[in-house]
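These notes concern the structure reproduced below.
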Amino acid sequence: MKLDMPENFIQDIITEDLKEGKNGGKVQTRFPPEPNGYLHIGHAKSICLNFGLAEANGGLCNLRFDDTNPTKEDIEYVESIKEDVRWLGFDWDDRCYYASDYFDRLYEFAIQLIKAGKAYVCDLSPQEIKEYRGTLTEPGKESPYRNRSVEENLDLFRRMRAGEFPDGSRTLRAKIDMASPNLNMRDPVLYRIVHAPHHRTGDKWCIYPMYDFAHPLSDALEQITHSICTLEFADHRPLYDWIIENVDFSDVGPIKPKQIEFARLNLSHTVMSKRKLRLLVERGYVSGWDDPRMPTIAGLRRRGYTPEAIRNFCERIGVARRNSVVDIAFLEHCVREDLNRRAPRIMAVLRPLRVVIDNYPEGQVEWLEAENNPENPDMGTRRVPFSKVLYIEREDFMEDPPKKFFRLAPGREVRLKNAYIIKCDRVVKDQRTGQVTELHCTYDPETKSGSPGAGRKVKVTIHWVSAAHAIEAEVRLYDHLFRSENPDELEDFIADLNPNSLERLTSCMVEPSITGASAGNRYQFLRQGYFCVDPDSSAGKLVFNRIVTLRDEWAKMAGSSDK
RNA sequence: UGGGGCGUAGCCAAGCGGAAAGGCAAGGGACUUUGGAUCCCUGAUUCGUAGGUUCGAAUCCUACCGCCCCAGCCA
């Protein structure tokens with residue numbers, strides 16, 4: 001996987017380190033997800049960064065599951081995470097690690113700290129620890145258990161491990177500084193007692209290391225040179241460094257990992273926290289983690305996004321320390337750009353309006369040639385059937401058109417893509433509702449595409465499908481999940497859900513060349529957007545997801561003031 | 001009122017003492033058998049504010065203002 005990483009401040013740091021000969025010229029990164037939820041596009045940014053930086057600097061990136069909290073993690077998530085990282089196009093070879101694989105060594109490191117008088121077993125309850133911690137503006141108080149002897153600490157810690165004490169009754173704490181202005185340094189908990197089975201280590205442990213202890217040491221064990229994480233961990237860096245400096249792991253290697261923080265990705269019109277995404281899934285606001293409206297990798301994949309588009313997006317948004325909200329329009333731009341080059345064109349009528357070509361011979365069928373992708377002639381051509389009765393898009397006809405409407409109207413002409421110019425002669429309406437039910441048109445036989453007479457200009461070209469040959473399909477149209485640009489800052493983000501984020505059209509008509517399409521296939525429906533075959537499709541019925549619309553000048557005009 | 005971060009166009013984002021990159025969005029035009037694509041053009045006399053240093057400041061200094069994060073035995 002080759003990423004064209006633009007320069008960023010982390011690359012600057014790496015470049016500087018390399019110049020100074022740090023770490024023997026080695027660059028080693030890691031992507032460390034906690035298996036407690038599905039990956040989303042924010043993780044994609046981190047994945048691209050970690051794998052990209054490693055690759056750009058001749059190094060490697062490990063996949064490491066940060067699974068130190070058995071009560072929140074599950075094997076289901078590790079499988080989905082692996083699938084998503086792989087799908088994005090990254091390869092960790094045989095370097096898939098688990099913090100839980102290090103539990104034995106981490107335990108030894110803890111013993112080491114105890115022996116050095118730098119950690120102690122504390123009997124304070126969770127509530128007491130909180131009270132002793134102090135506040136943002138006042139220093140904390142030292143635990144009465146802070147100065148136990150090394151022997152007693154060793155004994156107690158071994159018994160913690162042996163399961164002699166109930167959950168919450170004791171912890172192992174680092175002995176640092178209860179008066180530190182950085183709360184993370186006020187004797188942070190290193191180990192807690194949790195009598196819960198772990199998805200990988202089973203019942204072997206009843207004490208589990210905290211992130212602040214496990215993470216720097218896992219990095220050390222893997223000899224990570226640059227440990228990249230998000231901004232909220234900046235306050236933890238002094239603790240990260242304290243662990244690295246106070247634990248002796250020189251037998252594993254000389255590299256002392258350094259933590260570097262960057263701003264996580266926020267996307268407009270969606271939420272990114274696992275908690276909120278889980279809520280959407282659990283309360284049924286979406287169909288699942290892979291609902292095509294979700295910003296999860298699984299959701300984007302099902303929607304039809306390509307890994308290339310997502311990677312390109314991640315590379316182009318930049319890496320900085322400033323909190324920001326990237327406009328989702330930029331993500332959409334990235335897929336359009338990718339799909340414009342790759343997606344074959346086909347004609348599909350989403351909201352059919354029947355058109356009868358009065359002067360076209362009954363029963364005649366012409367198979368007309370159509371380009372598969374004007375951007376790429378190598379993609380070849382196909383034949384589409386033309387006959388007397390067609391469907392066109394309801395939106396492509398207006399009985400009383402406004403000034404800028406160039407499409408079909410009584411007495412007006414349009415070109416049918418790859419076919420003929422037709423003229424609208426008569427409008428048939430439902431007597432009761434007044435709804436237009438059918439158009440009668442005449443075609444100009446001289447204007448067949450490719451023929452000498454085809455040069456005649458009309459204002460616009462529309463798509464169509466032969467009624468007798470059309471394949472009926474369901475099409476799901478998606479819009480932003482939330483109405484607000486930044487639902488995250490709302491008191492009640494659920495109330496901001498876009499009621500129109502999904503529209504299902506069940507009687508769409510697609511040209512017959514679609515026959516045989518399978519889940520995951522992507523197409524451009526001419527003039528409408530990019531669509532992807534959904535796994536819900538069955539032999540009898542295709543289901544499409546709209547990935548993204550095409551840019552639409554007319555929609556912009558129509559959407560504004562005078563329609 | 002403690003500590004840690006961050007303020008460059010509507011949204012991202014380069015810039016690191018010597019005349020404010022680029023992308024998205026927006027607007028205008030050319031072209032077009034997709035109102036698609038493509039191609040042109042239009043934006044900051046100014047970088048949160050105010051002072052200061054300097055021949056010269058978005059870049060250095062000072063003060064102020066604003067926003068984000070931290071008081072889980074979560075990560």
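Here the structure is a predicted model, which is why all the values come from computation and not from measurement. Below, read A as the first sequence line, B as the second, and so on, with proteins coming before strands; counting in each chain starts at 1.
- Counting non-hydrogen atoms under 4.0 angstrom, Arg415(A) reaches a base of the nucleic acid.
- Proximity note for Lys130(A) (side chain, C-beta onward) versus C6(B), G72(B), A26(B): the nearest is G72(B).
- Here Arg345(A) lies in heavy-atom contact (under 4.0 Å) with a base.
- Here the options are Phe157(A), Tyr208(A), Phe213(A), the test is ring pair (Phe, Tyr, Trp, His ring centres under 6.0 Å), and the partner is Tyr107(A); only Phe157(A) passes.
- A 3.5 Å limit on both hydrogen-bonding distances identifies A50(B) as the Watson-Crick or G-U partner of U62(B).
- In this structure, Met210(A) reaches the sugar-phosphate backbone alone: every heavy-atom distance under 4.0 Å involves primed, P, OP1 or OP2 atoms, never a base.
- Note on Val325(A): only backbone sugar-phosphate atoms sit closer than 4.0 angstrom, heavy atoms only; bases stay farther off.
- Remark: ring of Phe406(A) overlaps the six-membered base ring of G35(B) in a stacked fashion, centroids less than 5.5 Å apart, planes less than 30° apart.
- The shortest distance between the side-chain N/O atoms of His463(A) and the OP1/OP2 oxygens of U34(B) is not below 4.0 Å.
- Residue side chain Gln524(A) reaches the base of U34(B) through a donor-acceptor N/O pair under 3.5 Å, judged by distance alone.
- Base-pair partner of G72(B): not found among the strands shown (Watson-Crick or G-U wobble, both distances under 3.5 Å).
- Across all strands, Ser324(A) comes closer than 4.0 Å only to sugar-phosphate atoms, never to a base (heavy-atom distances).
- Across all strands shown, U42(B) is found opposite A26(B) as a Watson-Crick or G-U wobble partner, with both distances under 3.5 Å.
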